[in-house]
Each structure stands twice: as structure tokens, then as C-alpha cells.
A.B. asks: 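Sending over a structure as C-alpha cells; questions will come in a sec.
Numbering of residues begins at 1 and proceeds along the displayed sequence. The basis for the numbers below is simple: all heavy atoms, side chains too, and nothing from hydrogens, waters or symmetry mates. Whatever order the structure lists ligands and atoms in, that order sets their numbers, starting from 1.
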Amino acid sequence: MSEQSAPTLQDRFAATNGDHQSLWKSLWDAGNYLPWDRGHSSPSLVDLLNDNPSLITPSSSEKKLTALVPGCGRGYDVLLFASHGVKSFGLELSPSAVKAAAENAKTSGLNPDLYSFITGDFFTTSWQGEGEGGVPEKFDVVYDYTFLCALDPSQGLRELWAKRMAELVSGGGVLICLEFPLYKDLELPGPPWPLREEIYKGLLENVGFVREMYVKPRRYLESGEGSDMVSVWRRS
Ligand SMILES: C[S@@+](CC[C@H](N)C(=O)[O-])C[C@H]1O[C@@H](n2cnc3c(N)ncnc32)[C@H](O)[C@@H]1O
């Protein structure tokens with residue numbers, strides 16, 4: 001009798017009728033199959049922020065910078081930005097992910113005023129709104145890792161991602177991309193859907209971002225097979 005192997009993440013997405021948002025939510029609701037969750041931030045982002053403090057230093061002592069991490073999962077990167085004193089927001093489609101992120105944050109010892117986890121769809125604006133404790137319309141820093149690659153290119157979502165990034169990053173602010181997966185054959189299914197330097201460039205230059213840094217990280221997660229790159233995009 002042959003043993004059936006468990007379906008991969010790619011199998012599960014291929015088996016949907018294209019409703020990927022429901023699948024992300026049900027994976028988080030079940031909570032027992034989250035293969036992308038590494039339990040910590042990528043050391044590539046840790047090093048970038050330590051080596052380039054100007055990316056997260058406000059221009060005046062009165063101003064506190066804000067950061068957004070779309071598709072933040074358990075929120076490790078949100079807490080990393082918060083640990084640098086940046087008021088940080090994590091956005092997740094899934095209420096269960098937001099709950100898991102809030103639980104995880106409790107163990108961080110960080111001041112809860114410095115971070116916030118929000119349920120919402122990146123492609124809508126309904127999760128934003130100024131006011132007491134509100135979520136800003138624009139952010140000084142937005143970080144993308146394993147979010148663009150979680151969007152199916154055949155659904156036209158990459159162009160919408162770029163357009164939305166241009167709306168969300170404030171003038172003079174930056175979008176930081178930890179580019180992944182750059183090693184993966186372009187024909188292979190996702191998530192993660194394969195990416196390339198040229199794809200990021202095409203998408204982001206088209207909406208007015210200028211790339212001001214492109215570096216090979218000295219430390220990286222094994223999942224990138226040594227090909228991850230860090231790009232920093234300035235919004236004029
Ligand atoms: C591959 S996971 C990465 C999670 C996290 N960045 C990490 O590295 O652990 C992609 C995440 O994006 C979330 N997501 C997908 N589409 C989204 C959308 N339209 N708005 C907000 N979050 C979304 C999913 O729920 C999922 O948690």
C-alpha cells in the first residue's frame with residue numbers, strides 16, 4: 001500500500017477556486033500548518049536596521065516614526081521595528097493571526113503603545129483612520145517580506161500591491177523589501193510565487209519609487225537559498 005504524502009502549501013492553493021484569502025484565514029484558524037512561520041525576524045532585516053539607523057530615525061525629536069508590516073503573521077517584524085522605538089502596525093487578513101500576534105507580543109516585554117495589530121485587507125482602506133488610537137493613512141516605513149510572494153500574480157495582484165504601496169508610504173518615506181524567493185523557477189507554483197529583481201523594479205518604478213539601496217544581506221534565512229536581496233525604495 002503506498003503512503004499518501006501530505007498536501008504542500010502549493011497543492012492547497014492550487015485546489016482552491018482562486019479564493020486565496022479564505023484559505024489564508026482557514027490556515028490561521030486551524031493553526032497547525034503554518035510552514036512560513038520561522039518564529040523570528042529574518043537576520044537580514046535585523047542587520048539592515050542596525051547598520052542603517054537613519055532608515056528609522058525621525059528628523060526631529062518631536063516626531064515618532066510609523067511602520068507598517070502587511071501580512072505580518074505572528075508579528076515578529078512588527079516587534080523588531082517597535083524595539084527600535086518606531087510606532088509599528090501589523091496588518092493581517094486573519095483575525096486568528098492577529099490574536100496569535102497579540103499573544104506573541106505579550107512575551108516581548110515591549111511597551112504596548114509601540115505596536116498594534118490590525119485585521120484588514122491590504123487592498124482596502126477600511127482598516128485605516130486617524131483619531132484616537134487610529135491607524136494612519138500613510139507610514140514612514142513599510143516592510144515587505146513574504147507578502148508580495150504570497151499574492152498570486154495570475155490574479156493581477158502585483159500591480160495592485162505596487163499601487164497600494166505608493167499610497168501607503170508617505171512622501172520621503174521608504175518601502176523596504178526583503179526580496180524573496182529570487183532562486184525559484186519562474187514556472188513553479190506558489191506560494192511563495194517566484195520573484196526577480198526586475199519584477200520589483202518594474203512594479204515600483206512604475207508608481208514613482210526610486211531604489212536607493214540594493215544589498216546582499218550578510219545573514220539570511222536558509223529558505224532564500226542564499227539569493228535574498230534587500231532593496232530600499234524612497235517615495236518622492
Ligand atoms: C506567507 S505568510 C507570511 C507571514 C509573515 N510575514 C511571516 O513571514 O511569518 C503571508 C501572510 O499574508 C497574509 N495575507 C494574505 N493576503 C493578505 C491581504 N490581502 N491583506 C493582509 N494580509 C494578507 C496571510 O494571512 C499570511 O499570514
Side-chain angles (χ1 to χ4, degrees), residues 8-14 16 18-46 48 67-82 88-105 108 115-128 135 139 141-165 167-168 175-181 184 188-195 217 220-224 228 230:
T8 63
L9 194 60
Q10 294 78 35
D11 294 337
R12 292 168 199 241
F13 276 78
T16 66
D19 181 2
H20 293 174
Q21 295 205 352
S22 293
L23 180 52
W24 287 116
K25 286 181 193 164
S26 65
L27 287 169
W28 277 109
D29 287 346
N32 55 1
Y33 181 75
L34 306 168
W36 58 83
D37 190 325
R38 313 277 163 203
H40 53 82
S41 289
S42 168
S44 307
L45 179 63
V46 174
L48 179 82
L68 173 71
V69 182
C72 67
R74 275 212 182 85
Y76 312 111
D77 304 322
V78 178
L79 299 178
L80 179 61
F81 281 104
S88 305
F89 296 83
L91 178 68
E92 253 300 334
L93 205 52
S94 154
S96 299
V98 165
K99 205 165 152 224
E103 280 301 313
N104 177 55
S108 70
Y115 59 81
S116 187
F117 296 101
I118 318 140
T119 304
D121 177 358
F122 174 78
F123 296 104
T124 73
T125 56
S126 53
W127 48 274
Q128 294 173 279
V135 183
F139 300 83
V141 183
V142 179
Y143 175 61
D144 188 295
Y145 175 53
T146 60
F147 181 59
L148 176 59
C149 69
L151 305 172
D152 184 347
S154 75
Q155 297 186 347
L157 295 175
R158 287 183 170 173
E159 290 71 21
L160 290 179
W161 168 90
K163 191 168 165 276
R164 197 70 185 108
M165 285 300 185
E167 290 166 3
L168 287 166
L175 167 63
I176 300 172
C177 296
L178 179 47
E179 300 189 359
F180 164 88
K184 189 169 172 177
L188 290 176
W193 276 276
L195 282 158
Y220 39 79
L221 292 174
E222 275 178 20
S223 49
D228 291 356
V230 173

A.B. asks: Counting from 1, what ligand 1 atoms have a heavy atom of Asp121 closer than 4.0 Å?
C.D. replies: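 So the atoms of ligand 1 that pass are 18 (C), 19 (N), 20 (N).
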A.B. asks: Heavy-atom contact check, 4.0 Å cutoff: does Cys72 meet ligand 1?
C.D. replies: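 Contact present.
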A.B. asks: Can you report which non-hydrogen protein atom sits closest to atom 5 (C) of ligand 1, along with the distance?
C.D. replies: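 Atom 5 (C) of ligand 1 sits closest to the protein heavy atom Gly71 O, 3.3 Å.
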A.B. asks: If you count heavy atoms of other groups shown closer than 6.0 angstrom to OH of Tyr220, is the number above 12?
C.D. replies: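 No.
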A.B. asks: Relative to the heavy atoms of Gln21, which atoms of ligand 1 are at a distance of less than 4.0 Å?
C.D. replies: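 With Gln21 as reference, the close atoms of ligand 1 come out as 19 (N).
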A.B. asks: When rounded to the nearest 0.5 angstrom, what is the spacing between CG in Leu175 and CG in Leu68?
C.D. replies: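 Leu175 CG to Leu68 CG: 10.0 Å, rounded to 0.5 Å.
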A.B. asks: Taking only non-hydrogen atoms of Tyr76, do any sit less than 4.0 angstrom from ligand 1?
C.D. replies: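 For ligand 1, residue contact (heavy atoms, under 4.0 Å) with Tyr76 is absent.
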A.B. asks: Only one of Asp152, Leu27, Thr8 clears side-chain contact (heavy atoms from CB on, under 4.5 Å) with Phe13; which?
C.D. replies: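 Only one option passes, and that is Leu27.
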A.B. asks: Consider every N or O of Glu92 and every N or O of ligand 1, then say whether any pair is closer than 3.5 Å.
C.D. replies: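 Glu92 vs ligand 1: N/O contact under 3.5 Å present.
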A.B. asks: With the threshold set at under 4.0 angstrom, would you say Gly120 reaches ligand 1 through any of its heavy atoms?
C.D. replies: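 Checking ligand 1 against Gly120, which is what was asked, there is a heavy-atom contact under 4.0 Å.
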A.B. asks: Check Pro217 against Asp228 and note the closest heavy-atom contact, atom names and distance.
C.D. replies: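 Heavy-atom minimum between the residues: CD-O, 3.2 Å.
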A.B. asks: Let me confirm one number: the CD-SG distance from Glu179 to Cys149, rounded to the nearest 0.5 Å.
C.D. replies: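 Answer for the CD-SG pair, Glu179 versus Cys149, is 11.5 Å.
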A.B. asks: Please write down residue, atom name and distance for the protein heavy atom closest to atom 22 (N) of ligand 1.
C.D. replies: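 Of every protein heavy atom, Leu93 N, 3.3 Å lies nearest to atom 22 (N) of ligand 1.
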A.B. asks: How long is the gap from OH on Tyr115 to OG on Ser108, to the nearest 0.5 Å?
C.D. replies: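 Going from OH on Tyr115 over to OG on Ser108, the span is 4.5 Å.
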A.B. asks: Minimum distance, heavy atoms only, to atom 10 (C) of ligand 1: which one of Val78, Leu91, Thr146 is it?
C.D. replies: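 Result: the heavy atom closest to atom 10 (C) of ligand 1 is in Thr146.
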A.B. asks: Measure from atom 20 (N) of ligand 1 to every heavy atom in Trp28, Trp36, Phe122 and give the option owning the shortest one.
C.D. replies: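 The nearest heavy atom belongs to Phe122.
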A.B. asks: Using a cut-off of 6.0 Å, state whether more than 12 heavy atoms not belonging to Glu222 lie near its atom CD.
C.D. replies: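 Open: at most 12 neighbouring heavy atoms sit under 6.0 Å from CD of Glu222.
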A.B. asks: Identify, for atom 23 (C) of ligand 1, the protein heavy atom at the shortest distance, and state residue, atom and that distance.
C.D. replies: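 Result: Phe147 CE1, 3.5 Å.
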A.B. asks: Quick one: pull up CG in Leu45 and CZ in Phe81 and give me the separation to the nearest 0.5 Å.
C.D. replies: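 Here the interatomic distance stands at 5.0 Å.
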A.B. asks: Which atoms of ligand 1 have any heavy atom of Tyr145 under 4.0 Å away?
C.D. replies: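 Matching atoms, with element in brackets: 6 (N).
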A.B. asks: Using 30° and 60° as the class limits, which term best fits the ring planes of Trp127 and Phe139: parallel, tilted or perpendicular?
C.D. replies: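 It falls in the parallel class, under 30°.
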A.B. asks: Show the atoms of ligand 1 that are less than 4.0 angstrom away from any heavy atom in Phe123.
C.D. replies: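 Under 4.0 Å from Phe123, ligand 1 has these atoms: 19 (N).
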